[in-house]
Amino acid sequence: MCRFERIARLTVSGSSSNNNVRRPPPTMPFFASRILLLLLAPSILNASAVPSLIADEAVAAVMKLRSRPQYTWDISTIKPGDPSLPPQPLTMRGAMTSSGEMWIEQIWPDGLLLETVSRRDGTSVVRTPEGWFSKTELDQLSREPRRGQFKWLWLATEAFEPMTPEEQLTRMLNESTSWVRRSDIIDVTLSERGASYWLGSGRMVPNATGKVELRLSNGLIRECRLIVDGETLPSSAGAKSSSISFERVLTFDYSASAPVIAEEAKRKLDEAVRR
């Protein structure tokens, strides 16, 4: 199954191959994510009781991301979600460069920093505490890891498949049930399935609710605030469930300069293509 088929199936079904671990959907070549948004747009606009003009405005704003030659974004995690799952990065910075690369820097609460550079064809490299690795090199390292590498090895493997802002927003739009325009903000209500996904579960989370606030300016998305709540499943008979909350803020800057891609990252990308 190709990457595009995997992401399309995941976006529609909300399923995951691992119900116990929060895993972002696999990334795909940038052109494929744009095609996916076009395929999903009719189902979004035809959803029952959805004001089509508001939905159309939100879809158009997401699609404008592909026409931008360069932009940057920041993601801040306000509430971490289920504490029993692997932690989310505390902050994430990213950029689409005019030369066609995607750059992402992720920082975890314990200080771990990972940097990912991807090209349009899906080729990626990741900078870890021990330097830059291609996926092949990291797979080889994973077979016989040394002491101290377990802390970052799995997260580095996941960093090869980051979720782009366009993919994140497309997923939110596809899992919406209602839309309300409030000045420069579009309030979106997520379905129970959509809220469960952002709580890191491949299954329905009890009493899962979610909302998205899209702040627009001149047809461009400036900020996206995601707030989801639910309850954990009891771990044993007689145990009580507990409340969980996940909140993150995604902000865009369409005028900031993208960071300079490290020469070693470019070299590693070229080597990965030749293999």
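With a 4.5 Å cut-off on side-chain heavy atoms, Ile186 and Leu216 count as touching. Counting heavy atoms from C-beta outward, Val125 and Thr116 have side chains that stay 4.5 Å or more apart. Contact of the Ser217 side chain with the Asp184 side chain is not registered, since no non-hydrogen atoms from C-beta on lie closer than 4.5 Å. Contact check for Val249 versus Ile78: side-chain heavy atoms found under the 4.5 Å cut-off. At least one side-chain heavy atom of Val117 sits less than 4.5 Å from a side-chain heavy atom of Leu269. Using a 4.5 Å heavy-atom cutoff, the side chains of Glu105 and Ile107 are in contact. The shortest side-chain heavy-atom distance between Val62 and Ile221 falls under the 4.5 Å cut-off.
What you find for Ser245 and Lys79 is that their closest heavy atoms are O-CB, 3.6 Å. Closest of all the heavy-atom pairs between Leu112 and Lys151 is CD2-O, 4.4 Å. Closest approach of Pro87 to Trp108, counting heavy atoms only: O-NE1, 3.2 Å. In terms of heavy-atom proximity, Met102 sits nearest to Trp73 at CG-CH2, 3.9 Å. Residues Thr157 and Ser142 share a closest heavy-atom pair of OG1-OG, 4.3 Å. In terms of heavy-atom proximity, Ile104 sits nearest to Pro162 at CD1-CB, 3.5 Å.
Side-chain heavy atoms closer than 4.5 Å link hydrophobic residues (I, L, V, M, F, W, Y) into clusters, and following such links, even through other members, never connects Trp179 to Ile185. Tracing side-chain contacts under 4.5 Å through hydrophobic residues (I, L, V, M, F, W, Y), one never reaches Trp103 starting from Met163; they form parts of separate clusters. By the criterion of side-chain heavy atoms lying less than 4.5 angstrom apart, applied directly or through intervening Ile, Leu, Val, Met, Phe, Trp or Tyr residues, Trp132 is not grouped with Leu138; the two fall into different hydrophobic clusters. Residue Ile227 is not grouped with residue Tyr197 when hydrophobic side chains (ILVMFWY) are merged at heavy-atom distances under 4.5 angstrom, including chains of intermediate members. Note on Leu113 and Ile75: separate hydrophobic clusters, where clusters join Ile, Leu, Val, Met, Phe, Trp and Tyr whose side-chain heavy atoms are under 4.5 Å apart, directly or indirectly.
For the pair Arg127 and Phe133, the NZ or CZ position fails the cation-pi test of under 6.0 Å to the six-membered ring centre and within 45 degrees of the ring normal.
For the residue pair Thr136 / Ser134, no side-chain donor-acceptor distance below 3.5 Å is found, with atom types taken as modelled. Between Ser191 and Glu175, the side chains place a donor N or O and an acceptor N or O closer than 3.5 Å (distance only, hydrogens not considered). Between the side chains of Asp253 and Ser255, at least one donor N or O lies within less than 3.5 Å of an accepting N or O.
Between Tyr254 and Phe252, the angle of the ring planes stays under 30°, which puts this pair in the parallel group of the 30/60° scheme.
Residues Glu166 and Arg66 are not paired through a salt bridge, judged by the lack of any N-O separation under 4.0 Å between the basic side chain and the carboxylate. Taking a cutoff of 4.0 Å between a charged side-chain nitrogen and a carboxylate oxygen, Asp139 and Lys135 qualify as a salt bridge. A salt bridge is absent between Asp229 and Lys211; no separation between the charged side-chain nitrogens and carboxylate oxygens falls under 4.0 Å. Taking a cutoff of 4.0 Å between a charged side-chain nitrogen and a carboxylate oxygen, Glu137 and Lys268 qualify as a salt bridge.
Shown here are the side-chain hydrogen bond (donor to acceptor under 3.5 Å, both in side chains) partners of Glu271, two or more places apart in sequence or in another chain: Arg267.
For Gln149 (side chain) and Arg146 (main-chain N/O), a donor-acceptor pair under 3.5 Å exists by modelled atom type. When atom types are taken as modelled, the side chain of Ser118 and the backbone of Gly122 share no donor-acceptor pair closer than 3.5 angstrom. Between the Thr91 side chain and the Ser76 main chain, no donor and acceptor come within less than 3.5 Å of each other. Judged purely by atom type and a 3.5 angstrom limit, Thr123 has no side-chain atom pairing as donor or acceptor with the backbone of Arg119. In terms of modelled atom types and a separation under 3.5 Å, the side chain of Thr189 and the main chain of Thr177 share no donor-acceptor contact. Thr164 places a side-chain N or O within donor-acceptor distance of the main-chain N or O of Glu167, the cut-off being under 3.5 Å.
To the nearest 0.5 Å, atom CD1 of residue Ile54 and atom CZ of residue Arg182 are 12.0 Å apart. Atom CG of Leu226 sits about 10.0 Å away from atom CG of Leu214, to the nearest 0.5 Å. Met92 contributes atom CE, which lies 3.5 Å from atom CD of Gln106 (distance to the nearest 0.5 angstrom). Remark: Ser176 OG to Arg171 CZ distance equals 12.5 Å, nearest 0.5 Å.
Within a 6.0 Å radius of CG in Asn218, other residues, nucleotides and ligands contribute 12 heavy atoms or fewer. Other residues, nucleotides and ligands contribute more than 12 heavy atoms inside 6.0 Å of the NZ atom of Lys266.
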